[in-house]
Visitor: 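Below you will find the structure I want to go over with you.
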Amino acid sequence: MDTIKDIITAFAPEYLDRFRSHIPGNHIKVIKAITSCRTHDTGLIVYSCKKCGHLHTTYRSCGNRHCPVCQSHKTREWLKAQSKSRCPGIIS
Ligand SMILES: [Zn+2]
């Protein structure tokens with residue numbers, strides 16, 4: 001277990017079993033998006049290499065803005081932009 005997604009995936013079932021009635025519906029939706037991100041639940045994308053013509057497959061991302069897997073790049077970019085706009089002396 002080495003990612004946030006792994007931790008959420010490991011503990012979400014028990015968490016939802018224990019607290020489902022107290023968790024807002026949108027939180028449950030986020031948990032389901034994160035646990036299904038880049039798995040067979042989200043489906044496959046097939047790519048064709050322009051050079052060799054081979055087909056490559058990968059699981060689709062969930063696209064949820066809270067997902068640490070598919071949104072981490074956007075988060076890093078946002079943090080970088082915020083650091084520059086608020087304190088131009090910070091070097092990242
Ligand atoms: Zn995702």
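Hydrogens, waters and symmetry mates play no part in the numbers below; they use all other heavy atoms, side chains included. Read the numbers this way: they start at 1 and go in the same order the structure lists the ligands and their atoms. Counting from 1, the numbers follow the sequence of the chain as shown.
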Visitor: What protein N/O/S atoms are there under 2.8 Å from the Zn ion (ligand 1), waters excluded?
Guide: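 You should have found Cys37 SG, Cys62 SG, Cys67 SG, Cys70 SG.
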Visitor: Are the side chains of Leu16 and His27 in touch, meaning some heavy atoms are under 4.5 Å apart?
Guide: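 Result no, sub-4.5 Å side-chain heavy-atom pair not found.
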Visitor: For the backbone of Thr3 and the side chain of Asp6, can you confirm whether one donor and one acceptor N or O come within less than 3.5 Å of each other?
Guide: yes
Visitor: Mind checking whether His54 and His56 have parallel, tilted or perpendicular rings, split at 30° and 60°?
Guide: perpendicular
Visitor: Begin with the C-alpha distance, continue with both residues' side-chain angles, and end with the deciding distance and a verdict on side chain to side chain contact (heavy atoms under 4.5 Å, CB included) for Cys70 and Cys62.
Guide: CA-CA 7 Å; Cys70 59; Cys62 70; 3.7 Å; yes
Visitor: Given the rule in the side chain to side chain contact (heavy atoms under 4.5 Å, CB included) test, do Arg60 and Asp41 qualify, once you have shown the distances and angles that lead to the verdict?
Guide: CA-CA 9 Å; Arg60 296 176 57 139; Asp41 293 339; over 6 Å; no
Visitor: When you look at CD1 of Ile4, are more than 12 heavy atoms from neighbouring residues, nucleotides or ligands closer to it than 6.0 Å?
Guide: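 It does not: Ile4 CD1 has 12 such atoms or fewer within range.
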